[in-house]
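In the text below, chain A, chain B and the rest are named by the order of the sequence lines, each starting its count at 1.
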Amino acid sequence: MVKTMMTRTRFAPSPTGHVHIGNMRAAIFNWLYARHTGGQFLLRVEDTDRERSTPEAIKTLLEAMEWLGLNVDETPLYQSTRMEAHLAAAEKLLASGHAYKEDKGGTGQGECIIFKMPGTDMAFTDLVKGTLKKSAKDIADFVIVRSNGTPVFHLANVLDDIEQKITHVIRGDDHVENTFRHIAMYKALGAPVPQFAHLPMIINAQGKPYSKRDGDAFVGDFQEKGFFGDALFNYLALLGWSPGDDREVMTRQEMIDAFDLVTVRSSPAQMDLRKLLWMNGEYVRAIKPEDFAALCRSELSAAGVTPGDHADAVFALMQERTKLPSEIVPATAFFFTEEFEYDQKAVEKKLLKEGSFQCLEKIIGIFQTLENFDAETVNTALHNFVEQGGLKFGDVMPPLRIAVSGQQSGPDLAPVLAILGKEKSIARIRKTIERFKG
RNA sequence: GGCCCCAUCGUUCAGCGGUUAGGACACCAGGUUUUCAUCCUGGGAACACGGGUUCGAUUCCCGUUGGGGUCACCA
């Protein structure tokens, strides 16, 4: 039996306040691969830009990861603590002849340290893209320490990956060209070269890569809009990868079991918000009723609405029709307050019609005769009314719905009426007639 | 522009020489004897183009076109 080294992957973002959706997808793939192989997933905060790497930015990053369930196996490494090691390595490269000093461009800014490429053609096998080659003439030497004495990304990145014993570097497509340089550095440093996997870009609805201008591309935005972390994780995992069969809504464990880098596609994928929304709805319907109820209560309380009697019955009615928690308040507020708004368009289209008010008057009469006011009784009464009067449901139900809820759509009307109760239902119908008739 | 990568329905993921080219989202129609949502049924919808290789190409090779990445003392 061959003893293989434990897989160690990492997510190495620079904390600049917002975590980009493409970056987070890379984090997800790193996490998934580590979990699939029984290895470890690490975090390295590349916070060398002290201007932008604020404590708040780091907090935002950590929160986004927690929200998505991306747990790490070791204390995060902060790159800013590693400057001395980076510089020491540069000296070592200088001493071994793998780097040289030069006043590049003769700008008079002083000498910087430049890494010397081996001058041979290079090739490596990318786990998702296959074999990639580069001619020696196409890769130039590059700066690793600036003339002001600070290490450049390439140096810091490679050294920290060595420090963290990373075995698989899984990152965005935009790093493929750098990989040739990085491999040369691993070799010059006498360090084992890790495996590389470059993920295709995620592009926006216009077919362009997400940029800072795409306001909807940050992880925090999805959280604010009420998406579930698990749903976003699931959706993102399926962008560029599939389990090989038709499964789409999957549990974490199912994704972990099925995940592999070699089955990742190498072409860019476009984010489809509608499918994400659909998937979120799948997750909403999958949670326990009591969890959904708790979610509803927090949404309502945030909106200043106090859920009254029968709130749980209302929530039960809502769970199967909710895709985003933000829909809850507008859809249920009328249950808990008499001050609900009327949908003006609905009123004009469905309520202000010939016979509507007469019809509503009759319904009041019928409701008054009912002793029980449960959903079934109400339903039967309404059906009898329609049939005996030779009416159409389409002429009766919409005005009634608007009268009690102000809206033209919602859950089944009978249970809605039952939850409101006889007194309130009748009172609301009366109030509506007074307000809009004549 | 040089170098590199990519190319299946509108979107996404399958397909890895022979298939009626499949699933999902979205869309359309019908149904679940009121709406919307859910759910069910059905439908339209794709192999960028041109050459090869082969008995046979969506699949392999080359080119074209299109898209993307990268060419910093940014990361």
Side-chain angles (χ1 to χ4, degrees), chain A residues 12-14 16 23 46-49 52 79 102-105 107 109-114 126 128-130 132-135 137-140 142-154 156-157 171-180 198 200-201 203 205 207-209 235 237-249 263-279 281-282 284-285 317-323 327 331 346 349-350 379 382-383 386-387 391-402 405 407-414:
Chain A
S14 30
T16 54
N23 277 128
E46 303 208 331
D47 59 344
T48 50
D49 182 342
R52 295 191 291 172
Q79 191 161 70
E102 185 184 301
D103 177 4
K104 198 183 177 194
T107 55
Q109 296 174 56
E111 291 188 318
C112 50
I113 301 176
I114 296 175
D126 186 285
V128 343
K129 302 174 92 73
L132 300 174
K133 298 174 188 165
K134 204 80 176 172
S135 299
K137 63 175 166 55
D138 292 321
I139 341 167
F142 56 98
V143 175
I144 53 176
V145 177
R146 300 184 188 88
S147 52
N148 68 5
T150 59
V152 167
F153 163 75
H154 302 292
N157 192 264
R171 60 192 356 177
D173 227 349
D174 50 335
H175 282 298
V176 283
E177 305 288 326
N178 289 335
T179 305
F180 296 99
H198 290 93
M201 296 281 164
I203 56 185
K208 299 290 178 189
Y235 177 76
L238 256 27
L239 225 44
W241 174 78
S242 90
D245 50 40
D246 290 337
R247 287 177 295 165
E248 291 201 313
V249 178
T263 55
V264 172
R265 279 174 63 91
S266 50
S267 52
Q270 191 174 95
M271 179 100 184
D272 183 354
L273 276 336
R274 290 173 304 187
K275 185 151 187 176
L276 205 213
L277 192 60
W278 163 80
M279 185 163 277
E282 293 291 305
V284 169
R285 280 185 288 151
L317 235 35
M318 287 303 297
Q319 185 167 3
E320 67 175 15
R321 48 190 305 114
T322 302
K323 283 184 175 165
E327 298 164 11
K349 203 172 157 197
K350 302 284 187 184
N379 197 38
L382 286 170
H383 277 248
V386 169
E387 279 166 29
L391 302 165
K392 286 179 185 169
F393 281 103
D395 291 327
V396 177
M397 304 301 241
L400 178 56
R401 178 185 292 283
I402 293 166
S405 74
Q407 301 175 2
Q408 67 175 329
S409 69
D412 284 346
L413 197 43

Check every strand shown and say whether A/D47 touches a base, only sugar-phosphate, or nothing at a heavy-atom separation below 4.0 Å. nothing
Heavy atoms under 4.0 Å, any strand shown: does A/Q407 hit a base, just sugar-phosphate, or nothing? nothing
Which is true for A/G110 with a 4.0 Å heavy-atom rule: it touches a base, it touches only sugar-phosphate, or it touches nothing? base
Looking at B/G1, which nucleotide sits across from it as a Watson-Crick or G-U wobble partner, both distances under 3.5 angstrom, or is there none? B/C71
When the ring planes of A/F142 and A/H154 are compared, do they come out parallel, tilted or perpendicular, using 30° and 60° as the limits? perpendicular
Taking side chain as C-beta onward, heavy atoms only, is A/E111 less than 4.5 Å from A/E102? no
I'd like the P distance from B/U11 over to B/G30, given in whole Å. 27 Å
If you measure from the P atom in B/A75 to the same atom in B/G18, how many Å do you get, rounded? 50 Å
Identify, with sequence neighbours excluded, every residue that meets side chain to side chain contact (heavy atoms under 4.5 Å, CB included) alongside A/R265. A/S267
How far, in whole Å, is B/G10 from B/C3 if one measures between their C1' atoms? 33 Å
Give one of base, sugar-phosphate or nothing for A/N178, where a contact means two heavy atoms less than 4.0 Å apart. base
Checking base pairs now: Watson-Crick or wobble, both atom distances under 3.5 Å. What partners B/U19? none
Taking only residues two or more places apart in sequence, or in another chain, which ones meet A/S409 in a side chain to side chain contact (heavy atoms under 4.5 Å, CB included)? none
Mind calculating the distance between CZ (A/F180) and P (B/C3) to the nearest angstrom? 14 Å
Report the distance from atom NZ of A/K137 to atom P of B/C3, rounded to the nearest whole Å. 7 Å
With C1' as the reference atom in both, quote the distance from B/G22 to B/U58 in angstrom, rounded to an integer. 13 Å
Would you mind reading off the distance between A/H175 atom NE2 and B/G69 atom P, rounded to a whole angstrom? 14 Å
Answer for the Watson-Crick or wobble partner of B/U32, both distances under 3.5 Å, is none
Base, sugar-phosphate, or nothing: which does A/K129 touch, judged by heavy atoms less than 4.0 Å apart? sugar-phosphate
Partner residues of A/K323 under the salt bridge (charged side-chain N to carboxylate O under 4.0 Å, His left out) criterion, sequence neighbours left out: none
Contact class for A/T263 vs. all strands (heavy atom < 4.0 Å): base, sugar-phosphate, or nothing? sugar-phosphate
Side chain to side chain contact (heavy atoms under 4.5 Å, CB included) filter on A/E282, not counting sequence neighbours, yields A/V249, A/W278, A/R285
B/C27 - base-pair partner by Watson-Crick or wobble geometry, distances under 3.5 Å: B/G43
Which of these nucleotides, B/A75, B/A14, B/C3, is closest to any side-chain atom of A/V152? B/A75
For A/R285 and for A/P243, locate the closest nucleotide of RNA chain B by heavy-atom distance; then report the residue assigned to the nucleotide nearer the 5' terminus. A/P243
If you only use heavy atoms from C-beta on, which nucleotide in B/U12, B/C5, B/A75 is closest to the side chain of A/Q270? B/U12
Just to be sure I understand the rule, does A/G281 reach a base, reach only the sugar-phosphate, or reach nothing, if contact means heavy atoms closer than 4.0 Å? nothing
Pick the P atom in B/C61 and in B/U8, then give their distance to the nearest Å. 16 Å
B/U8 C1' sits how many Å from A/R265 CZ, rounded? 8 Å
Closer than 3.5 angstrom, by distance alone: can the side chain of A/Y235 be matched with the main-chain N or O of A/M271 as a donor-acceptor pair? no
Within the 4.0 Å limit for protein heavy atoms, which parts of nucleotides 25-35 of chain B are touched? Write it as a string from 5' to 3', B for base, S for sugar-phosphate only, - for none. BS-------BB
Taking A/Q408 for the side chain and A/I402 for the main chain, is one N or O donor matched with an acceptor at less than 3.5 Å? no
With sugar-phosphate meaning primed atoms plus P, OP1 and OP2, does A/L277 contact a base, only sugar-phosphate, or nothing at under 4.0 Å between heavy atoms? nothing
With a 4.0 Å cut-off on heavy atoms, is A/H198 in touch with a base, just the backbone sugar-phosphate, or nothing at all? nothing
Just the rounded figure in Å: distance from P of B/C73 to CD1 of A/I144. 13 Å
Could you tell me the Watson-Crick or G-U partner of B/C49, where both distances fall under 3.5 Å? Say none if there is no partner. B/G63
Under the rule for salt bridge (charged side-chain N to carboxylate O under 4.0 Å, His left out), what residues qualify as partners of A/D49, not counting sequence neighbours? A/R52
How many whole angstroms separate atom CG of A/L273 from atom C1' of B/G10? 15 Å
Result for 5'-nearest mapping on RNA chain B, choosing between A/D246 and A/D138, is A/D138
Counting side-chain heavy atoms from C-beta on, which of B/A37, B/C39, B/A75 comes nearest to A/F153? B/A75
Between atom CG in A/D174 and atom P in B/C6, what is the gap in whole Å? 16 Å
Under the rule for side chain to side chain donor-acceptor pair (under 3.5 Å), what residues qualify as partners of A/T150, not counting sequence neighbours? A/R146, A/N148
Can you find a donor-acceptor N/O pair under 3.5 angstrom joining the side chain of A/N157 to the base of B/A75? no
Span that lies between the C1' atom of B/G43 and that of B/C49, in whole angstrom: 30 Å
Residue A/E177, side-chain atoms from C-beta onward, closest of B/A37, B/C3, B/C73: B/C3
Taking the side chain of A/S147 as its heavy atoms from C-beta onward, which of B/A75, B/C39, B/C73 lies nearest to it? B/C73
Side-chain touch A/L238/A/M279, heavy atoms, less than 4.5 angstrom: yes
Main-chain N/O of A/K137 paired with A/S135 side-chain donor or acceptor, under 3.5 Å: no
Expressed as a whole number of Å, how far does the C1' atom of B/U54 sit from that of B/C60? 10 Å
When the C1' atoms of B/A7 and B/A46 are compared, how many Å lie between them, rounded to an integer? 12 Å
Using whole Å, what does the distance between atom P of nucleotide B/A37 and atom CD of A/Q319 come to? 19 Å
Residues forming a side chain to side chain contact (heavy atoms under 4.5 Å, CB included) with A/D395, sequence neighbours excluded: A/K353, A/K392
Contact list (N/O, under 3.5 angstrom) for nucleotides 60-68 of chain B vs protein:
| residue | atom | partner | partner atom | Å |
| --- | --- | --- | --- | --- |
| B/G68 | OP1 | A/K208 | NZ | 2.5 |

Tell me which nucleotide among B/C3, B/G22, B/C73 gets nearest to the side chain of A/V143. B/C73
